[in-house]
Amino acid sequence: MTLAQRLGLAKTPLFLVDGSAYLYRGYHAFRDIARSDGFPTSALFMVFRLLFKLLKEQQPSHLIFFLDGKGPNFRSTIYADYKANREAMPEPLARQIEPLRQGLALLGVPVIVPEGAEADDGIASLAARFRDQMPVVIVGADKDLKQCLSEQVALYDPSGKAERLTTLADFTADCGITPASWPDLQALVGDTSDNIPGIPGIGPKTALELLRRLPTLEAVREGLETVKPTVRQKIAPALAELFTYRELTRLRTDILPDTTLSDAALTPPDRDALRAFLEGYEFRTLAREIPGSPPEAAPKKEPAKSAQLSLFDAPGTAASAPAAPAASAPVAAQAPPAPVALADLPDAAGRALALVPLENGSSLSFGPDEFFVAADPPALAAYLARAKRVAVPSVKALLAAHAAFAALPLPLWFDLGLAAYLLNPEARSYGFDRLRDSLFSDPAVDASTISPSDCARAGALLADTLSARLETAGLTSLVATLELPLIPVLLAMEQAGIGIDREAFASFATEVAGKLAVLEADIVALAGKPFNPRSSQQLGEILYTDLGLKAHGKTPGGAASTSQEALERLAGLHPLVDRILEFRKLEKLRSTYLGPLPTVADGRGRIHTTFNNMATATGRLSSSNPNLQNIPIRGEFGRRMRDCFIAAPGNKLVAADYSQIELRVLAHLSREPALLDAFANGADIHARTAALLFDKEQAAVAPDERRQAKTINFGLLYGMGPQKLSRDLGIKLDVAKAFIARYFERLPGLSAFYDGIVESAKAQGFVTTLAGRRRLLPDIRSANSQLASQARRQAINTVVQGGAADIIKMAMLAAAGDPELARGQATLVLQIHDELLLETPGETAQAAGERLAGLMAGVYPLAVPLEVDWGTGHTWGEAH
DNA sequence: ACAACTCC
DNA sequence: GGAGTTGT
């Protein structure tokens, strides 16, 4: 049944397709789809499959495919943060745009790219303009499109398994407000994907309740006195911003003034060219759907369906010439590399900006991967060696680009990204472009003398600005003694990599795959109908709708949760539940570790991660591509997994980890006598806490009491709230509250320490760690109690987690610079927050372990001893 | 983009 | 509390 029939329309509607949305969705959903030569085709596949479905089922006469306009649009001029946390279009997706335009031209589908606006704005404008001439169906899934709904305009999302048709009636029944109030709703609730904060503490429920009575922000402002005080308090201070947010969400209805209905008319496709195009991207099933295609031997998928495929014969049948493919001008032309120049050369006048264009006229660029267009790195390095200071976006990236730079003395470098990170470790990114732009919007900086395109001068100004700020913030020595020296160490670790045992991986993977196949068959049989157990959505439907099980908790998105925690509460109620839990465990193992890791190993069977030193708010490192900091260790498969990581032949691995480093940092900072005493005497800290909490001798503590104390001890590092504790422990909220109260009563030093942190954070606006690292926490002064207590938890966690991060970074420096370890040819290979992994010739392994443990334990004197557990072995599992 | 899972 | 990766 066509949509026209379902909607009771007399005419075939005009279809307006939110193309950009489907490109991204296809790109994300089928990341792995690519042509056999590796060219990514995921988004193309999604779009053409969608269009074929539409053309086939709906037989439209008019349809427009919209893409987002390039570059900044009017929204960023209203609000600088708009979509600020959205990255540029990923390169594999960008490469599909030109082919997409060609294919659409062959298909006869008109494409519109609204200039300075987004696809949604074009859709809203044309829907409003044409809806009186013919009914409109918007094809898309973006929730903001809901504001376009009217009697003549419906919203349709055919992608995915369950297609969705939303009409005005559906919307009204659902929300109880008119579509025109949608932007007002979003302004209140916020939208993370558009970086619209909304009002903290106001969710969809509160906002809808409000808007049903007062349907616009204006009405809310007028009737503010009638709003109940708890809500009013949250809204009142942000009233002005709310209007800005609404403008961002509100789609424009006044653009594309010159577009007429005839621009939306489909033209007949060039079937042969289209078929060749689809085959060229290896979309063989799609190609075969085009009438006149050779039936092809084997596949029995859709035998005689081509009879329905009159779609391509739509309105005027004549096989007229296809519209010319979009100009084949280089759409994806890369932005020209920013010319750079950041060396402060000694000069009579003080300094001259360097120029860095070299003899051959090439220049340095600041791309994350490529620093050189054509420059000769050794020549450049020699040139830079004459400088007093060289500022670069990322020293680590530069050193990684060519070994020649490693010869330059470390103090020469000024790392712009690192400086910006240390000044505010919560900013989104520290790329040069972002930093440069920030200069021009910073009221404290006079950037009037430089032009935005002059990267050389911008870079130098940035270096001056950041360096002065580091000084003011007391961060200079952190850079000089810890963060900068760590950079070559991290790079060396990345380059060393860690070996894997390919055979161990293979046999483990085979075993897991076998178990998964059995489980999946079982699961589907138990469910009674085919479904994908990887999909939480489908699983929720089976569990909570079909089987009628009771859901425990919801996801932030409002759906019934199928999380491990929720599922474990259902254990025993249905055999499906246990299998799903088992399936999830194995599937995670397969998809995250067993499958991908062997494929990223180099020719010598070693995996090289990237350690990011500007990623976390607390000063920890992070690891990515692949992440080697979350390799399983617990559970029945942990050991086996770590046994897949091995030393090179003749070598051994040494694993050394700090015991309870965060609790020790806490003991040190708080000087709480009970903690100091426990650690000084090598006591079991959790048992000791339990003894204190339950008023008994440590020897009399029951295992469950120890477990509870352990949960509290950990919760405490995270700033702990009674809610989370009661959930984790499975106890009532007031019991948890009483528990916490008693805890602080017995450990008064902690209580005082926490108060002190919060007080100083309030006074200064930031907290600092052992090494002087800082984190800004403006929210700690917020009148919004939710925000304030979140900031309070972050304050506590940052000094503890960040302090531990400082210590292990010092240990890494000590290990990397230690002559004894160097003599034994021991090299660092991994850091996992409280653990260091070293690879060393078998003969020196024992000595290296002892040495490493000694260095780690002695690197920073705390009020309690730092204990280090260590071991060696051929595999990582063994070394533990 | 979200939900789920891994680690410390 | 802090991360990264996978799947849909």
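Below, read A as the first sequence line, B as the second, and so on, with proteins coming before strands; counting in each chain starts at 1.
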Side-chain ion pair, Glu494(A) and Lys396(A), N-O less than 4.0 Å
yes
d(CG, Leu830(A); C1', dC7(B)) in whole Å:
13 Å
Over how many whole Å does the gap from Leu581(A) atom CG to dA4(B) atom P extend?
12 Å
How would you label the contact of Leu589(A) with the nucleic acid (heavy atoms, under 4.0 Å): base, sugar-phosphate, or nothing?
nothing
Which part of the nucleic acid, if any, lies within contact of Glu835(A), taking any heavy atom under 4.0 Å across all strands shown: a base, the sugar-phosphate backbone alone, or nothing?
nothing
Starting at atom CG of Leu628(A), determine the distance to atom C1' of dT6(B), rounded to an integer number of angstrom.
12 Å
Under 3.5 Å, is there a donor-acceptor pair between the Arg775(A) and Thr798(A) side chains?
yes
Please state how far atom CG in Asp142(A) lies from atom P in dA1(B), giving the value in whole angstrom units.
10 Å
Can you name the residues that form a side chain to side chain contact (heavy atoms under 4.5 Å, CB included) with Lys724(A), not counting sequence neighbours?
Asp728(A)
Separation of dA4(B) atom C1' from Glu568(A) atom CD, nearest Å, is 13 Å
Qualifying residues under salt bridge (Lys or Arg N to Asp or Glu O under 4.0 Å), relative to Glu582(A), sequence neighbours excluded
Lys585(A)
Pairing of Asp806(A) and Arg620(A) as salt bridge, 4.0 angstrom limit
no
Given the ring of Tyr658(A), does Arg664(A) sit roughly above its face, with NZ or CZ under 6.0 Å from the centre of the six-membered ring and within 45° of the axis?
no
Using whole Å, what does the distance between atom C1' of nucleotide dA3(B) and atom CD1 of Ile580(A) come to?
14 Å
Whole angstrom value for the distance that separates P of dC5(B) from CG of Leu586(A)
13 Å
Nucleotide by nucleotide, nucleotides 1-8 of chain C touches protein heavy atoms under 4.0 Å in the pattern (B base, S sugar-phosphate only, - none) BBSBBSSB
Salt-bridged, Glu835(A) to Arg642(A), with N to O below 4.0 Å?
yes
Which whole-number value in Å describes the distance from Leu836(A) CG to dC8(B) C1'?
13 Å
Could you tell me whether Ile796(A) contacts a base, only the sugar-phosphate backbone, or nothing, with contacts defined as non-hydrogen atoms closer than 4.0 Å?
nothing
